[in-house]
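Report on the structure given below.
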There are 2 protein chains.
Amino acid sequence: MNLSDLAAKGAEPVGALLSLTLAPPADGEEPGAWEEAFITGIEAAGESYGLPLLGGDTIALPAGAPRVLGLTAIGRSINGVPSRSGGKPGDELWLVGAIGDAMAGLALLETDAEATGPLVDIYRRPVPQLAAGRALAPLAHAMMDVSDGLLLDADRLAGASGCSATIDLDSLPLSAAFRDARGVTRDARLFAATGGDDYALLAAISSERAQAVRQSLPSGTIFTRVGTLGSGEGLSLVAGGKPVELPETLGHEHRAT
Amino acid sequence: MNLSDLAAKGAEPVGALLSLTLAPPADGEEPGAWEEAFITGIEAAGESYGLPLLGGDTIALPAGAPRVLGLTAIGRSINGVPSRSGGKPGDELWLVGAIGDAMAGLALLETDAEATGPLVDIYRRPVPQLAAGRALAPLAHAMMDVSDGLLLDADRLAGASGCSATIDLDSLPLSAAFRDARGVTRDARLFAATGGDDYALLAAISSERAQAVRQSLPSGTIFTRVGTLGSGEGLSLVAGGKPVELPETLGHEHRAT
């Protein structure tokens with residue numbers, strides 16, 4: 001998640017600060033075993049993406065307290081930092097990466113906690129679009145990562161930009177694994193468009209520039225036009241060239257209890 | 001504490017990231033009252049020191065969970081970043097700021113929770129030595145802030161620098177309020193040298209350069225030579241030109257339970 005945030009700002013990773021709570025182990029738990037496994041995983045991920053653990057903080061809590069983990073990723077942007085608010089009417093909305101895989105993976109795990117396969121892998125280890133983010137940063141009018149569902153996040157980008165947005169359900173980039181697992185029905189497409197945890201990038205790009213942008217992306221990047229920004233406000237869906245009613249929930253809203 | 005860490009690296013404040021846990025209020029507690037007061041205080045402190053709240057994270061926890069707060073301060077160093085390890089034999093150890101006030105304030109509060117006055121103020125609202133830190137950064141061989149007690153932190157700086165350190169108890173910068181409250185006996189000086197929470201700066205500076213350094217500091221800065229680095233290792237104390245036995249505890253050691 002942190003690395004996807006950096007990608008959405010066109011930043012390259014510099015390092016991470018980790019804060020974590022330490023409490024006496026629960027009965028039967030080996031002291032420090034969880035923490036050791038966690039730090040090993042963080043270090044492996046950091047090594048993969050060039051995000052060394054630079055420091056942080058530890059906090060002692062009493063036994064039985066919940067664990068609280070905080071990771072701050074620091075990045076460096078060289079070619080400008082796109083906001084959510086720079087989109088303009090007439091811009092095209094492009095996605096880097098496929099959507100729906102993570103939620104399809106989670107659905108498999110909810111049916112069978114031992115499930116494996118590419119969808120489960122993507123749910124468990126999303127891949128941040130760092131190289132594409134850096135390439136897009138100087139060229140996109142607006143950019144963000146899609147973590148809470150394409151429809152919800154597109155609505156946020158359009159709202160911040162003072163535009164309306166239209167998403168074409170037929171255009172969604174669905175992976176082969178997703179199609180195998182869930183099909184390509186209207187419901188499957190809506191599932192993919194509202195599911196969240198995708199860590200794709202959503203960029204608003206002027207239509208004149210879109211093909212040039214494609215050339216600047218790393219080869220093999222999944223790069224798909226999924227809609228447009230317009231004047232006015234609000235989100236619309238189309239499929240087969242016709243309007244489609246919005247689903248009740250556009251994505252995953254975070255709420256503090 | 002965060003701002004003192006920036007001061008010790010010669011950095012100017014850029015902004016802060018705050019993570020905090022949110023849990024349902026305890027019985028009889030007004031929802032969000034504590035959080036609102038805390039954020040108001042953080043914002044006031046940030047405004048004083050040019051450290052705007054840039055972002056952060058919130059985490060929902062169940063009722064009864066302890067609050068966990070994490071603040072990351074981001075700073076910018078222009079003239080070099082002094083480490084703890086650059087001190088050299090023959091360097092003089094200089095302090096920016098007085099020591100002992102905060103612990104004297106805490107001692108007053110432990111006797112009378114309603115106590116007021118300058119020592120209590122300094123305990124509750126330590127002042128980070130930001131301007132002095134920026135001035136010293138390019139000139140000191142090594143620097144750190146004194147947060148756990150002068151003797152402990154001087155021992156750490158000397159150890160990191162591969163040197164021994166000698167501290168002269170007679171030289172300690174004690175404020176008028178401290179002298180009024182605790183006197184200037186050997187015990188009072190040891191109390192000040194081991195107390196912690198001072199947020200003074202400790203710098204190792206070549207003896208040829210010390211007077212020039214003084215000229216570069218903001219006028220009114222309390223700047224005191226408290227000792228020297230030597231070859232070898234370990235910490236020594238002197239008073240009246242004679243060796244003094246080290247106290248059992250050099251300062252406040254943090255231990256995770």
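In what follows, every chain begins at residue 1, and chains take the letters A, B, ... in the order their sequences are listed.
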Exercise for the section: Give a yes or no on whether R67(A) atom CZ has more than 12 heavy-atom contacts from other residues, nucleotides or ligands under 6.0 Å away. Expected result: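 Counting neighbours around CZ of R67(A), more than 12 heavy atoms of other residues, nucleotides or ligands fall under 6.0 Å, so yes.
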Practice task
Return yes when atom OH of Y123(B) has more than 12 non-hydrogen atoms of other residues, nucleotides or ligands closer than 6.0 Å, and no otherwise.
Solution key: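 No, OH of Y123(B) has 12 or fewer neighbouring heavy atoms, counting only those of other groups under 6.0 Å.
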Handout entry: Leading residue by heavy atom contact count with chain A [cutoff under 4.5 Å; candidates G56(B), P66(B), G70(B), S19(B)]
Key =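 That would be P66(B).
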Handout entry: Spacing of CG belonging to D57(A) relative to CE belonging to M1(B), to within rounding of 0.5 Å
Key =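 Rounded to the nearest 0.5 Å, the CG-CE separation comes to 8.5 Å.
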Practice task
Drop me the distance from I74(A)'s CD1 to I74(B)'s CD1, to the nearest 0.5 angstrom.
Solution key: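 Separation between the atoms: 6.0 Å.
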Would you tabulate the side-chain donor-acceptor contacts of residues 46-53 of chain A under 3.5 Å, counting partners in other chains and residues two or more places apart, or write 'none'?
unit_1	atom_1	unit_2	atom_2	d
S48(A)	OG	A44(A)	O	3.2

For residues 125-140 of chain B, which side-chain N or O atoms pair as donor and acceptor with protein atoms under 3.5 Å away, sequence neighbours left out?
none

